[in-house]
Amino acid sequence: MNEFSDSLLAWFAGAARDLPWRRTRDPYAILVSELMLQQTQVTTVIDYFERWMKRFPDVRTLADAAEANVLRMWEGLGYYARARHLHRAAKAIVQAGGGFPRTLDEIRALPGVGPYTAGAVASFAFGIRAPMVDANIARVIARLRNIREPIDSSAGRKLIWQQAASMLPTDGEQARAHNGALMELGATLCKPGEPPCRHCPVKRWCRAKDPATLPAKEPRRAMIELEENCGWILQHGRVFLETSNGSRGPGMWRLPVIAVPARRSPIHESHYPVTHHRVHLRVFPAPRPARIRKNQRWIEIARLSETAMTAPHRRALTSLLDLDGVRRKLVPPRAGGSRRVPVVR
DNA sequence: AACTCGGGGAG
DNA sequence: CTCCCAGAGTT
């Protein structure tokens with residue numbers, strides 16, 4: 001071991017956060033945590049991880065679960081393809097005999113597992129000497145080596161990964177701690193913006209000229225405005241929903257898209273961001289559909305809690321149901337009258 | 001190499 | 001508003 005590793009690992013031993021997925025080497029648990037952590041902050045993931053492990057404690061339980069339940073457990077985390085990938089990965093592992101893949105290449109072949117996640121699972125679960133580069137490690141390495149190439153460019157990624165591999169201790173167990181320590185350094189100390197270099201355990205080896213300007217990144221894409229007009233269709237205690245079809249994948253339910261009704265004002269309006277889009281959501285009262293398409297369903301209000309929905313649509317629906325509840329108390333349906341629940345407007 | 005993911009948290 | 005986040009899949 002060199003001095004750099006000594007300093008880094010000594011610091012890590014005293015500074016490591018106590019995170020649930022650091023208390024285990026169960027490869028399934030590590031895989032779950034890594035999929036959840038893709039593009040998602042640690043503090044957001046902790047509760048989801050613990051709920052998930054309680055509900056789907058092992059690969060077989062997850063493989064046997066219905067996709068609707070899997071997506072419902074993921075609701076609020078975003079990027080729902082990750083949940084479907086994790087579900088597919090569990091099915092693939094069970095189908096292959098139930099033993100968790102134990103080599104970097106086999107782990108990399110699982111759905112939803114890219115270069116980062118493969119390295120993380122191999123290293124954290126099995127102590128395999130594998131590099132891993134996430135946003136934290138990319139930032140730390142860009143600063144340590146004063147790499148000005150944008151880290152999200154092809155050339156920049158290549159440089160960072162080469163450095164990550166070359167810095168790795170020979171021993172697998174030490175490499176495991178090294179990966180965790182670099183990540184922790186980036187998450188807690190070598191943060192974006194102006195980092196507190198005074199307290200850095202490895203500042204002696206850092207070549208960053210101007211840490212605040214590192215890492216460089218490609219300019220981000222322009223925001224795209226989207227308008228979304230949905231229908232509020234309520235009848236017999238059921239609400240009419242649809243699930244997206246096509247590339248966005250099925251399973252997440254939402255209010256049905258409708259043509260904009262003329263001369264009506266929306267009963268709900270909200271804005272929400274999704275990646276580089278900004279969506280302007282408007283909900284209008286709408287008539288009961290003449291035909292029900294394949295991706296559409298009436299869903300009992302009582303069963304909405306077990307229906308996976310994107311967060312903005314869940315919020316819209318909840319607020320509209322609350323409003324409807326209020327109106328129904330003020331104007332109770334006439335006895336013997338129409339069974340149709342009055343449309344709120 | 002560029003686009004998409006119908007995300008979410010923090011400043 | 002802004003930027004960032006334990007990225008990966010598709011085209």
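Because the structure is predicted, anything quoted here is derived from the model rather than measured. Below, chains carry the letters A, B, ... as their sequence lines are ordered, and counting in each starts from 1.
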Where along residues 38-49 of chain A does a heavy atom fall under 4.0 Å from DNA chain C? Gln38(A), Gln39(A), Thr40(A), Gln41(A), Val42(A)
Does OP1 or OP2 of dC5(C) have a side-chain N or O of Arg139(A) closer than 4.0 Å? yes
Spacing of the P atoms in dC5(B) and dC5(C) (rounded, Å): 22 Å
To the nearest angstrom, how far is Arg315(A) atom CZ from dG9(B) atom C1'? 12 Å
State whether the number of non-hydrogen atoms from other residues, nucleotides or ligands found under 6.0 Å of Lys91(A) atom NZ is greater than 12. yes
Is there a donor-acceptor contact under 3.5 Å linking the side chains of Thr117(A) and Gln38(A)? yes
Assert: residue with more 5' nearest nucleotide on DNA chain C, out of Tyr79(A) and Met223(A), is Met223(A)
Considering every strand and a 4.0 Å limit on heavy-atom distances, what is the contact class for Ala187(A): base, sugar-phosphate, or nothing? nothing
Taking DNA chain C as the partner, which of residues 10-22 of chain A come within under 4.0 angstrom of it by heavy atom? Arg17(A), Leu19(A), Trp21(A), Arg22(A)
Could you please name the option among dC5(C), dG7(B), dG7(C) that lies closest to any side-chain atom of Asn136(A)? dC5(C)
Looking at Arg254(A) and Glu228(A), is there a salt bridge between them, counting it only when a charged N and a carboxylate O are closer than 4.0 Å? yes
When we call it a touch if two heavy atoms are under 4.0 Å apart, what does Arg221(A) touch: a base, just sugar-phosphate, or nothing? base
Just compare dA8(C), dG9(C), dA6(C) and give me whichever is closest to any side-chain atom of Thr117(A). dA8(C)
Less than 4.0 angstrom from a charged side-chain N to a carboxylate O is my criterion; do Asp18(A) and Arg23(A) meet it? yes
Is Glu184(A) salt-bridged to Arg22(A), cutoff N-O under 4.0 Å? yes
Between atom CG in Leu281(A) and atom P in dG7(B), what is the gap in whole Å? 12 Å
Just call it for Gly76(A): base, sugar-phosphate, or nothing, with non-hydrogen atoms closer than 4.0 Å on any strand. sugar-phosphate
Can a side-chain donor-acceptor contact be found between Tyr80(A) and Glu75(A) if the only test is distance below 3.5 angstrom? no
Using a strict 4.0 Å threshold on nitrogen-to-oxygen distance, state whether Glu3(A) and Arg204(A) make a salt bridge. yes
Using a 4.0 Å heavy-atom cut-off across all strands, classify Lys191(A) as base, sugar-phosphate, or nothing. nothing
Value in whole Å for how far the P atom of dA6(C) lies from CD1 of Ile137(A): 11 Å
Could you tell me how far apart Leu35(A) (CG) and dA8(C) (P) are, to the nearest whole angstrom? 9 Å
Is it true that Asp58(A) and Thr61(A) share a donor-acceptor pair across their side chains at a distance under 3.5 Å? yes
Can you tell which of dG7(C), dG9(C), dA8(C) lies closest to the side chain of Pro115(A)? dA8(C)
Classify the nucleic acid contact of Ala120(A) as base, sugar-phosphate or nothing, counting any heavy atom under 4.0 Å across all strands shown. nothing
What I want to find out is whether Arg315(A) reaches Glu269(A) closely enough, with some N-O distance under 4.0 Å, to be called a salt bridge. no
So, does His276(A) get its side chain near the phosphate of dT4(B), meaning an N or O under 4.0 Å from OP1 or OP2? yes
Roughly how many Å is it from NE2 in His280(A) to P in dC1(C), rounded to a whole number? 12 Å
Taking all non-hydrogen atoms of both residues into account, name the closest pair between Trp298(A) and Arg288(A) and its distance. CZ2-CG, 3.7 Å
His277(A), nearest nucleotide to its side chain (from dG7(C), dC5(B), dA6(C)): dC5(B)
Of the listed nucleotides dC4(C), dA1(B), dC5(B), the one nearest the side chain of Arg220(A): dC4(C)
What contact category does Ser154(A) fall into here, base, sugar-phosphate, or nothing, at under 4.0 angstrom with non-hydrogen atoms? sugar-phosphate
Value in whole Å for how far the P atom of dG9(C) lies from CZ of Arg88(A): 9 Å
Just call it for Tyr272(A): base, sugar-phosphate, or nothing, with non-hydrogen atoms closer than 4.0 Å on any strand. base
Salt bridge between Arg282(A) and Glu227(A), side-chain N to carboxylate O under 4.0 Å? yes
Consider the side chain of Glu34(A), meaning its heavy atoms from C-beta on, and name the nucleotide among dG7(B), dC4(C), dA6(C) that approaches it most closely. dA6(C)
Rounded off to whole Å, could you give me the CD-to-C1' distance for the Glu225(A) and dC1(C) pair? 12 Å
Spacing of Tyr116(A) atom OH relative to dA6(C) atom P, expressed in whole Å: 9 Å
Which of these nucleotides, dA8(C), dC5(C), dC1(C), is closest to any side-chain atom of Arg278(A)? dC1(C)
